[in-house]
Amino acid sequence: MEKQSEIIEQRRKKITALRESGEVLFPNDFKVLNSIVEIKDVVEKSPESLGEKGAVFITAGRMMAINRFGKSSFLRFSDGTGQLQAYVRMDKVGDEVYALFKKMDIGDFIGVKGPLFKTRTGEWTLLAEDFRLLSKSIRPLPEKFHGLKDPEKRYRQRYLDLIMNQDTREIFIKRSKVVQAIRGFLLNRNYLEVETPMMQPIPGGAEAAPFKTHHNALGIDLFLRIAPELYLKRLVVGGFDRVFEINRNFRNEGVSARHNPEFTMLEFYQAYATYEDLMRLTEKMFQEVAIAVNGTSSIEYQGEHIDFSGKWERIPLLTSLQKIGGIEPDILDNREALLEVAASKKVKITKSDRLGKVITKLFDVLVEPKLIQPTFITGYPVEVSPLSRRSDKEPEMTERFELFIAGREIANGFSELNDPEDQKERFLQQVADREAGDAEAHLMDQDYIEALEYGMPPTAGEGIGIDRLTMLLTDSASIREVILFPHMKPSGRNEHK
RNA sequence: GGGCCGUUAACUCAGUCGGUAGAGUAUCUGCCUUUUAAGCAGAGAGUCGCGCGUUCGAGCCGCGCACGGCCCA
C-alpha cells in the first residue's frame with residue numbers, strides 16, 4: 001500500500017472502527033425534505049412560525065466546520081443551495097449517535113432532522129433530533145479560513161475549488177444563466193436550436209488548425225469541428241430560416257489566459273436579415289443577458305466600467321486603423337508601406353499575407369486593445385472573409401462586423417455569401433493561400449458549394465464566444481476561471497498522492 | 001517559442017549569512033452542553049517539485065528537467 005499522509009491514515013483507522021461496529025458508511029435511504037435555502041427562506045419570511053414547537057425540517061449536506069464541546073457541538077454544513085448551522089446535543093440524539101458523531105469528520109455528509117432555534121448570538125440553528133452519517137470522507141478538505149488558493153490545484157481539482165470557494169460557484173452559476181438567457185432570447189425570436197456534427201470530414205467555417213481523429217468502421221479520418229458554420233448554413237438552405245447552436249469548438253492551438261483548446265460558441269443564422277440587423281440584435285442580446293445575469297446592463301471588467309446599454313459605436317475597419325491605430329490614410333491600400341509600419345510595430349507578417357491580412361494583423365495590435373466599450377468594427381476585406389457577402393458598393397469589402405469589448409474580439413458576424421460561384425472562387429483562393437504557406441486557410445468544401453447551388457436565401461449569421469462573454473460578465477481575467485475543467489498538462493506530481 | 005515569478009506538513013504561508021525544518025489552521029489525546037476562525041493543556045505530522053553538481057555540510061548556491069502563474073510573441 002502506498003504511503004498515506006498522517007491525517008488520511010487516522011481517518012482510515014476511524015473508518016475501520018466504524019465498520020467493525022456495524023455502521024453503514026454510505027447509506028442511501030435518507031429522505032431529504034428541505035433544502036437549506038428553503039429553510040433560510042422560512043426564517044426570513046415567517047420566523048414567527050418557528051416558535052418553541054416550530055416546524056421540523058429534514059435536510060442534509062456536507063459538514064464544513066465543527067465546534068466540539070464535551071457533550072454537544074455546533075456544526076456548519078452546506079448543500080448545493082446554502083449553508084446552515086446545526087446543534088447536536090448528546091441528550092437529544094442519544095449516546096450512540098453522539099459517539100458516532102464524535103468519530104465523524106469535516107467533509108462528511110450528514111442528514112439532520114429537527115426544529116430551528118435561535119442561539120445566544122442570534123443565529124437560527126437546526127437542533128438535531130435525528131442525526132445520521134450519509135457519506136464518509138477520507139481525505140481532509142483544505143483549511144476553512146484561507147480556503148484553496150493554489151490556481152493549479154483549483155483547476156485540476158475543481159471539485160475542491162467548488163466546495164471551498166463560493167466565488168467559483170457563483171461564476172459557474174452565472175455561466176449557466178448566460179447560456180439560459182441567450183437560449184431564451186433566441187427562442188423568443190423563433191430561432192430553432194439544432195445540433196450539427198462535432199466530427200467533420202472537412203473542417204470548415206473558420207481559420208484554425210483542427211484536431212484529427214479516426215473512424216475505424218468507416219476507415220476515414222475525421223476532424224473535430226473548428227466551427228459549425230457550414231452545417232448551420234446547410235440548414236438555412238434546407239428551409240430552417242432561423243437556427244442556432246450553442247456548443248463546443250475545438251482548435252488545435254496554444255493554451256493561455258484567453259484560449260482553451262475547446263471552447264463554447266453560439267452561432268446563429270437568420271434568413272432575410274443583414275449584418276446590420278444582427279448588430280442591432282447583438283446589442284439587445286447583450287443588454288438582456290447582462291440584466292438576466294447581473295441585474296444591470298453595465299459591468300466592471302478588470303477595473304474598466306463598460307456599458308452595454310444604448311447603441312454601440314460602429315467604425316469601419318480602415319477608419320479605425322487610421323483614427324485609432326494612427327496609420328496614415330494614404331497608405332491603407334499600399335501593402336509595401338503597411339509592411340514597413342508592421343515591421344516598426346513588431347507585428348509579425350508572413351510573406352504570403354495578402355493586403356487584407358496585413359490590415360487585420362495591424363488592427364489586432366494597433367486597434368483591438370484600445371476598444372474597451374462595445375464597438376462594432378465593420379467592413380472587412382474579402383480576402384480575410386471567405387464566407388461573407390461582398391459589399392454592393394465596394395466589392396473588395398464584405399458586409400461583415402466584429403464586436404470588440406474590453407480589448408477583445410467577442411463576436412463576428414456577416415451577411416452570408418450565398419452566391420455559389422463566388423463562394424467557389426473564394427475557396428479556390430483559400431486553397432491557393434494554403435499552398436502559399438497559410439496553414440489555417442480554408443479547405444475546399446464541394447458539398448457545401450453544392451448545397452448553395454440549390455439556393456440559399458439572403459441570410460446573415462454570427463458567432464459569439466460564450467467563454468469570453470462569461471469572462472466579461474463575471475469579471476474573470478482568465479478563461480480558465482469560466483471553464484470548469486480547463487485543459488492542463490498532466491502533472492505527474494499529484495497522480496499518486 | 002521567449003522573459004519573470006512560483007513549487008516547503010492536508011491547506012495558507014515563513015524560513016536570515018549554506019550549519020538539526022517553522023507558524024497558523026487542520027489532525028490526534030484530555031477537559032468543556034449556545035460556539036461564530038470557540039477556548040484551555042498536551043502530542044504527532046515533511047521525498048523542502050524531480051535530477052545532477054558545488055561544498056565538510058544544500059530548502060537556500062549552480063546547471064538541467066517537470067508543472068503552474070503572469071507578461072511578451
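All values below come from the heavy atoms of this structure, side chains included, with hydrogens, waters and symmetry mates left out. In the text below, chain A, chain B and the rest are named by the order of the sequence lines, each starting its count at 1.
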Please tell me if [X] has a side-chain N or O lying less than 4.0 Å from either OP1 or OP2 of [N].
X	N	result
A/Asn67	B/U35	no
A/Arg139	B/C11	no
A/Lys144	B/U25	no
A/Lys346	B/A73	no

- Message: Looking at the base of B/U35, is there any donor atom on it, or on the side chain of A/Gln85, that sits under 3.5 Å from an acceptor on the other one?
- Response: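 Such a pair exists between side chain and base.
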- Ring-ring centroid check A/Phe109 A/Phe30, cutoff 6.0 Å: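 No, the ring centres sit 6.0 Å or more apart.
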Sticking with atom [atom1], work out how far [N] lies from [M], rounded to a whole angstrom.
N	M	atom1	value
B/C50	B/A21	P	16 Å
B/A14	B/A73	C1'	37 Å
B/G39	B/G24	P	12 Å

- Query: So what does A/Lys71 touch, heavy atoms closer than 4.0 Å: a base, only the sugar-phosphate, or nothing?
  - Reply: base
- Query: Do A/Phe74 and the base of B/U35 stack face to face, with centres under 5.5 Å apart and an angle between planes under 30°?
  - Reply: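 Base of B/U35: stacked against A/Phe74.
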- When you look for runs of 3 or more Watson-Crick or G-U pairs in a row, both distances below 3.5 Å, which of them include RNA chain B?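 The stems are B:1-7 with B:66-72, B:10-13 with B:22-25, B:27-31 with B:39-43, B:49-53 with B:61-65.
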- Task: From the options A/Thr398, A/Asp353, A/Leu355, select the one residue that forms a side-chain contact (heavy atoms from CB on, under 4.5 Å) with A/Glu383.
- Result: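 Per the side-chain contact (heavy atoms from CB on, under 4.5 Å) rule, the option paired with A/Glu383 is A/Leu355, out of A/Thr398, A/Asp353, A/Leu355.
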Atom pairs under 3.5 Å: protein N/O with N/O of nucleotides 27-30 of chain B:
unit_1 : atom_1 : unit_2  : atom_2 : d
B/U27  : O2'    : A/Gln10 : OE1    : 2.1
B/C28  : OP1    : A/Lys14 : NZ     : 2.4
B/C28  : O4'    : A/Gln10 : NE2    : 3.2

- Take atom NZ of A/Lys489 and atom C1' of B/C65, then tell me their distance rounded to the nearest Å. 11 Å
- By nearest-heavy-atom nucleotide on RNA chain B, the more 5' of A/Tyr87 and A/Lys149 is A/Lys149
- Taking the six-membered ring of A/Phe263 as reference, does the NZ or CZ atom of A/Arg468 fall below 6.0 Å from its centre and within a 45° cone about the axis? no
